[in-house]
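To find a chain, count down the sequence lines: A is the first, B the second, and so on, and within it residues start at 1.
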Amino acid sequence: MEKKVAEKISTNSGQIARIGVYICHCGLNIGRTVNCKYVADKTSGIDGVVVSKDIGYACSEPGQQEMIADILEHGLDRIVVASCSPRLHEATFRQMIQSAGLNPYLLEMANLREQCSWVHMNEPEAATQKAVSLVKMAISRVRLLCPLAVRTIPLTKRTLVIGGGIAGIQASLDLADNGYEVILVEKKPSIGGTMAQLDKTFPTMDCSI
Amino acid sequence: MTDAGRHPGITLHTMSEVVDIQGYVGNFDVKILKRARYVDEKECTACGDCAEACPVVRPDEFNVGLSSRKAIYTPFPQAVPSAYVININECLGHNPSVCAKCLNACEKGCINFHMSDEEIVEKVGSIVVATGLEPYDPTELDEYGYTRFENVLTSLEFERLINAGGPSKGELVRPSDRNLPESIGFIQCVGSRSARKGSGYCSNVCCMNTIKSSLVLKEHYPDINIKVFYIDIRAFGKGFEELHMRSRRLGVNYLRGLPGTVEELADKSLRVAVENTSSGELEYHKLDMLVLAIGIKPAQSTQKIREMLGLQLSSDGFFLEAHPKLLPVDAATRGVFYAGCAEGPKDIKESVTQATAAAGRAIRLMHKGEISTEPITSEVIADKCNSCGKCAEVCPYNAITVDVKKKTPAVVNAAACTGCGTCAAECPFGAIIMNHFTDEQIINQIDALMEDRPQEKVPVFACNWCSYAGADFAGVSRLQYPSNMHIIRVMCSGRVNNKFIWHAFLKGAPVILVSGCHIGDCHYIDANHWTEKRVKKVWRRMEKLGIRPERLQLEWISAAEGVRFAEIMRKMENLRCRVSSREIADTIKILKSRKKKP
């Protein structure tokens, strides 16, 4: 029931955004350098921000459950997670907000770890100020994000394996044994690669071919 | 090997190279050049009659030149496919007056000189890159005398010498006199872990390979005197340390220290000078034979494959994985996976493990028969479109069609669009929406950044695949740089519309950086060419307006260049320090007055 309510809000354009902001400590990775509580307080008054809090590990199960509970309780329709690089956990948090009924593209991450706490380790003050800026930027962006629908496209169930050494042979066999057609391309007149040239191989001390 | 050759699900193309790959995840179109073998692969029984008849003798590559083969040959007895091959450059030809001896020798008539190279086109959904390695060539390490002294061999040559299928049928002989050597030395880390020549990284397999060789030698010749010169023995894998200890128990002498020089004596033995770093003494060792434990280098084909698939390399020249811990066999390009030494030096077990992982990842991608793609694509607002055709011109994927003559609005083919955003940056009428990276979203970010003390802050536009990843890499490496650098992520530097730059200057930005993949490495084929063009345009305009062009910087930073990223951040801070608040105020004034003009 609650889930449905959240879904409605997120897809209704023209509504005033209800943003949730989460500043992740990442244990000590961020928390040791950036004052996460301060960042959360600093960003709590911003227009549209309904919830702003610091959180131990955003990616952990309790962390995700806390955010999901907030989304449902406060009717949040956009989420900012300020934690590690989106290259690491964007997919995790997209799934999380989707499970709470939001469109997965209504998420924005602020990179407080790889691009803040880890590169300004000796300047906690400055790093905290930068974190505030980064989170503010994320909030300003998340406000304008639009729900997007994932498209599906057809796929050819075949694999090209480039190179017929031990790795290429093994990958080909595994794929083919699972019923996938494999095109194995080898530059030389025979497969085998460097491995075929070896005599005994460690650790088993048996022959390579 | 034979399993792979026989498997009904595997189509094997030997003597073949991938020459072109188009398309995207799930739907790659691959062009393969299959060179002519001149022997019918299916008919040939590898009886060898042809090779007996062939008069042309050449060094055998499989035995690294330690034996010879004919111009028609099988690479090695267990080769798959089990068929002979003619090296057409060495062959005298099929003119009966010249040679054609093999044609007569082959009873089954498998030899066909009219075969020609074929171009094969295949459609695949995923790609496993398993391009392997290139052994290090130690010739450049003059002090070890490889190629100058007959009895200095590489570990690969040694491997062939003790192989029962090798040129000496597994009998260990000294190349100079064919006698069994009484003493043999191994030098470790040849071409590895060196800041001077070769590579800086550890090649991972050479320690264990030498330990294995010492065990094989001791098994065949219990009295042979073996000395191993090493920096430290890296026996990290399961069961490895046990082998190391077994080797020591069998009396193999491990000496800590790499030799400084090797001299050849009159009887072709070798005199090795080494500082034993355990005792601090300078020692000389006379050895009958010396084996260089050569390292592993990236395969020669790495560059070509990288360009074809838009992949990235780490600083050591091997392929870069999407994430070093969590996505160790995935490439950043979706649908492409790595296996074996293509990604970094590995032993057989690790290569097999990674290959199985790569196969698993490919299956995970393919099993549904369809894939979901990110909806980060562009859209045209038909009312605003002027049909000028600029967007179609800059799109690297030809995903936009527009009829300039008929003045019909542009249309984006969403299946072909990969979301670089170059079209949106180029459109003079603001008629293109780049979903998830719209003009408004990015402008809003700039505004939020410039809201407070703008003169102290530096906006850094970074592309998702290279420079943003490079910044992450700087973080993972804990490289420290000034804290006023603020990254605005875009999928491609080609997304950076000039109006973003002007807007940031108008809002008081002291300096601005636009960064992307190196030219030629762009994840979107060549979209960053347009970045360069656009930035140059802004530079010219800045000059005309009396704004120092230096305040806008353009840098190419790869995903592996964390050090470079941090350096550029420091450079940006230096530039920023030279911009006074007066200069910023003047710039704002200039830009405001420009805006007022019609």
Side-chain angles (χ1 to χ4, degrees), chain A residues 85 87 105 114-115 118-121 123 126-127 130 133 136-137 140-141 144 148-163 165-176 178 181-187 189-195 197-203 209, chain B residues 1 4 7 9-18 26 30 32 75 78-80 85 122-132 159 162-163 208 212 216 239 339-340 348 351-352 355-356 358-359 362-363 366 370-373 375 440-441 444-445 448-449 471-472 475 478 480-481 483 487:
Chain A
S85 171
R87 292 171 58 87
Y105 290 89
E114 282 84 347
Q115 295 176 10
W118 277 352
V119 287
H120 316 305
M121 293 178 106
E123 308 167 83
K130 175 173 174 174
S133 290
K136 279 185 177 170
M137 287 164 76
S140 69
R141 179 173 148 79
L144 294 183
L148 299 171
V150 171
R151 294 174 303 133
T152 52
I153 51 170
L155 166 146
T156 314
K157 282 189 164 192
R158 304 170 89 205
T159 303
L160 168 74
V161 177
I162 310 175
I166 176 63
I169 292 172
Q170 183 67 45
S172 300
L173 286 173
D174 282 355
L175 282 158
N178 275 286
E181 238 185 283
V182 174
I183 316 295
L184 174 57
V185 175
E186 167 59 46
K187 188 165 57 178
S190 169
I191 55 171
T194 310
M195 174 206 64
Q197 285 178 295
L198 305 179
D199 180 36
K200 305 280 190 290
T201 55
F202 62 84
I209 298 180
Chain B
M1 273 170 65
H7 204 296
I10 301 176
T11 310
L12 176 60
H13 296 302
T14 48
M15 306 189 66
S16 302
E17 265 175 88
V18 175
V30 182
I32 299 161
Q78 306 92 327
V80 175
V85 51
E122 299 276 10
K123 211 171 167 56
V124 296
S126 59
I127 297 175
V128 175
V129 176
T131 43
E159 203 58 59
I162 52 164
N163 192 310
M208 287 315 294
K212 174 208 75 179
V216 172
I348 293 176
S351 294
V352 168
T356 297
I363 291 167
M366 295 190 294
E370 58 175 26
I371 40 164
S372 50
T373 63
E440 294 74 26
Q441 287 162 3
N444 239 25
Q445 273 177 287
L449 173 63
D472 276 358
R478 310 293 196 276
Q480 306 295 298
Y481 58 80
S483 62
I487 290 185

Review point. Quick one: what part of Glu123(A) sits under 4.5 Å from any heavy atom of chain B, side chain, backbone, both or neither?
Key: side chain
Exercise for review: Name the option with the most non-hydrogen atom pairs under 4.5 Å to chain B; the candidates are Asn178(A), Ile166(A), Ile183(A).
Suggested key: Ile183(A)
Practice item. Of all the heavy-atom pairs spanning Ser16(B) and Val185(A), show the shortest one and how long it is. Key: O-CG1, 3.4 Å
Revision key, fill the gap. Looking only at Gly26(B), Ala471(B), Ala448(B), the option with the highest number of non-hydrogen pairs under 4.5 Å against chain A is Gly26(B)
Review point. Given the options Lys130(A), Arg141(A), Glu114(A), Glu181(A), which has more heavy-atom pairs under 4.5 Å with chain B than any of the others?
Key: Arg141(A)
Study note, to complete from the structure: The interface call for Ile371(B) against chain A, heavy-atom contacts under 4.5 Å, is both
Point to revise | Straight-line distance of Met1(B) CE to Leu173(A) CG, nearest 0.5 Å | key: 11.5 Å
Review point. Tell me, side chain or backbone of Val352(B) under 4.5 Å from chain A's heavy atoms, or both, or neither?
Key: both
Review point. At what distance, to the nearest 0.5 angstrom, does NZ of Lys136(A) lie from CD of Gln445(B)?
Key: 14.5 Å
Point to revise | Donor-acceptor pair, side chain of Lys212(B) and main chain of Lys200(A), under 3.5 angstrom | key: yes
Point to revise | Heavy-atom pair of closest approach, residues Trp118(A) and Gln480(B) | key: O-NE2, 2.8 Å
Exercise for review: Heavy-atom pairs under 4.5 Å with chain A are the metric here; pick the option from Gly340(B), Ala358(B), Ala359(B) that has the most.
Suggested key: Ala359(B)
Check your understanding: Which one of Ala149(A), Gly192(A), Ala127(A) has the most heavy-atom pairs closer than 4.5 Å to chain B?
Key -> Ala149(A)
Revision key, fill the gap. Between Glu159(B) and Asp199(A), the two heavy atoms sitting closest are OE2-N, 2.7 Å
Practice item. Measure Val18(B) against the heavy atoms of chain A and call it side chain, backbone, both or neither at under 4.5 Å. Key: both
Check your understanding: Among Ile348(B), Ile162(B), Leu12(B), Ile10(B), who wins on heavy-atom pairs under 4.5 Å with chain A?
Key -> Ile10(B)
Review point. Do you know the tightest heavy-atom contact between Val119(A) and Gly475(B)?
Key: CG1-CA, 3.6 Å
Point to revise | Donor-acceptor under 3.5 Å (Gln441(B) side chain, Leu144(A) main chain) | key: yes
Exercise for review: Any chance you could measure Ile32(B), atom CD1, to Ile162(A), atom CD1, to the nearest 0.5 Å?
Suggested key: 8.5 Å
Check your understanding: If you count heavy-atom pairs under 4.5 Å between each of Ile487(B), Ile363(B), Asp472(B), Leu449(B) and chain A, which one has the most?
Key -> Asp472(B)
Practice item. Search all heavy atoms of Met15(B) against all heavy atoms of Pro189(A) and return the closest pair with its distance. Key: CG-CA, 3.6 Å
Exercise for review: For residues Arg158(A) and Met366(B), report the shortest heavy-atom separation together with the two atoms involved.
Suggested key: O-SD, 3.7 Å
Check your understanding: Highest number of heavy-atom pairs under 4.5 Å with chain A: which of Ser126(B), Ala339(B), Gly132(B)?
Key -> Ser126(B)
Revision key, fill the gap. Ring pair (Phe, Tyr, Trp, His ring centres under 6.0 Å) filter on Tyr481(B), not counting sequence neighbours, yields His120(A), Phe565(B)
Check your understanding: Is the backbone N or O of Ala167(A) less than 3.5 Å from a side-chain atom of Ser351(B), with the two atoms forming a donor-acceptor pair by type?
Key -> no
Point to revise | Winner by heavy-atom pair count (cut-off under 4.5 Å) against chain B, out of Gly163(A), Ser190(A), Gly165(A) | key: Ser190(A)
Check your understanding: Among Thr194(A), Val161(A), Ile191(A), which residue forms the greatest number of heavy-atom pairs with chain B at distances under 4.5 Å?
Key -> Ile191(A)
Exercise for review: Go through the structure and list residues passing side-chain hydrogen bond (donor to acceptor under 3.5 Å, both in side chains) with Asp174(A), not counting sequence neighbours.
Suggested key: Gln170(A), Thr356(B)
Study note, to complete from the structure: Interface check, chain B: of Met137(A), Arg151(A), Lys187(A), most non-hydrogen pairs under 4.5 Å belong to Arg151(A)
